[in-house]
Amino acid sequence: MTATVTRTSPGDATECSQILAQATADRRTVRIQGSGTKSYLGDVGTTDIELGTERVAGVIDHVPADLTVTVGAGTRMADLKVALERAGQFLPLDPPHADEATVGGVIAANSNGFWRARYGGVRDLLIGTRTALADGTVARAGGRVVKNVAGYDLDKLLVGSLGTLGVIVEATLKVLPLPETSDGLVARFERPDEAFAVAHAIVRAAARVEACVIDRTDEGFWRVAVQARGSGPTVMRAISDARREVAARHGDAAELADVLDRMRELPARATDGALVKVSLPVAASAAFAENAARLESFAALAVDAASGVARVHLTNEDDAVIRDAEALLLAARMVGGSGRIERRAERLRSRLLTWPNRPNGDFLMRRIKEAFDPAGILEPGRSAFA
């Protein structure tokens, strides 16, 4: 279990930087908390201060003509969605926990969903930040327009840093016009090779879809969920092509409904056992998923056909979950991929570390951490480098 001694909620970047400067001077560790949807990430332990971002929230600047929006890091993604829709725009990110997740948390966790292959990820959409650093300074990187030159692109360092380098207080992101229409389907197959063959054909088609994801049902069937958004003719062409691929392999197609949303929210549902997240070469996804489904502890999976990112939920006796989780991470490494334990039950935290093996770039990232936070007060244990 983790615990904190003090909770504070700064109202702006200056107040936040002062809190961090004092914590550094006192050698008091700090945990950064948005809405808490991803508090399960990493191996963080007891900290002295919990710094909440709920007061650094709201739309600061929105220029529809420039397709950019600047918001406080504590802004909920759901609130930003509503604000942008009033101007006929949207932020092309679909992370898990989308109803409650904050912008700062999505950036810090590099939390991408199934739209990544179509629109790019957090790194591609983030163009500016203001960040409170551990020494009490406020650093600005990037800008508020899509075309800007900022020397070193420090924004990218913050993406996926899990709060170990500083507290993001403001972010500027690229947005897009709302699509005219949306359509989708879900197809069911008896064999995984059929499902993955259809999915790979769909993502390679001329009319690009927004998302194409494979999972396995409780009844043992393999499903392919497809969503297309955009202009009417483009969406019609994409779904028509998808239906043709499904029919060619004798799959059963139905309306999409909320299937894709449930696949996306697997991290929110996987509260017991362990959730393994891996990034694989696309060509290796089918074999990995088929082998994962044979594991003793297998409960569910979701594989993004376009990016090769897969999540596997394992539930069973603790020893079996640990054994199967380690087997999945080893399988990912053997095909040139990488992985981590994204979530696990509290009782497994001491036995199943987030990163059983050090990621690539360990030495370099530790040097960066020492430069930004020499006292090591920010989110100790949260990332592989902290």
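Not measured: the values here are computed from a predicted model. We number each residue from 1, following the sequence as shown.
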| query | Can R249 and E194 be counted as an ion pair, charged N to O under 4.0 angstrom? | reply | no

| query | So do V246 and F189 actually touch side chain to side chain, heavy atoms under 4.5 Å? | reply | yes

| task | Go through R343 and T271 one step at a time and tell me if the side chain to side chain contact (heavy atoms under 4.5 Å, CB included) criterion holds. | result | CA-CA 7 Å; R343 186 169 195 172; T271 56; 3.6 Å; yes

| task | Please examine the side chains of V335 and F288, heavy atoms only from C-beta on, and report whether any two atoms are closer than 4.5 Å. | result | no

| task | Flag the pair E210 and R118 as a salt bridge only when some basic side-chain nitrogen lies within less than 4.0 angstrom of an acidic carboxylate oxygen. | result | no

| query | Can a salt bridge be assigned to the pair D43 and R344 using a cut-off of 4.0 Å between side-chain N and carboxylate O? | reply | yes

| remark: residues 120-137 vs salt bridge (charged side-chain N to carboxylate O under 4.0 Å, His left out), sequence neighbours excluded, gives R130-E170

| Stepwise side chain to side chain donor-acceptor pair (under 3.5 Å) check, E100 with T37 | CA-CA 7 Å; E100 296 297 328; T37 57; over 6 Å; no

| request: Flag the pair K174 / L67 as yes when at least one side-chain heavy-atom distance between them is below 4.5 Å, and no otherwise. | output: no

| Aromatic ring pairing W115/F90, orientation class (parallel under 30°, perpendicular over 60°, tilted between) | perpendicular

| Between V169 and V30, is there a shared hydrophobic cluster once you connect ILVMFWY residues whose side-chain heavy atoms come closer than 4.5 Å? | yes

| request: Please lay out, stage by stage, how F372 and L157 fare under the test side chain to side chain contact (heavy atoms under 4.5 Å, CB included). | output: CA-CA 11 Å; F372 275 77; L157 271 181; 4.1 Å; yes

| task | Would you mind checking if R264 and D258 are paired as a salt bridge, meaning a charged N to carboxylate O distance below 4.0 Å? | result | no

| Is V69 close to L80 at the side-chain level, that is, under 4.5 Å between some pair of heavy atoms? | yes

| 4.5 Å side-chain heavy-atom contact, L314 and L328 | yes

| message | I'd like to know if the side chain of H97 reaches the main chain of G36, judged simply by a donor and an acceptor atom lying under 3.5 Å from each other, with no hydrogens or angles considered. | response | no

| Can you check whether L378's main-chain N or O pairs, donor with acceptor, with T164's side chain at less than 3.5 Å? | no

| query | According to the salt bridge (charged side-chain N to carboxylate O under 4.0 Å, His left out) rule, which pairs have a member within residues 303-312, sequence neighbours left out? | reply | R311-E342

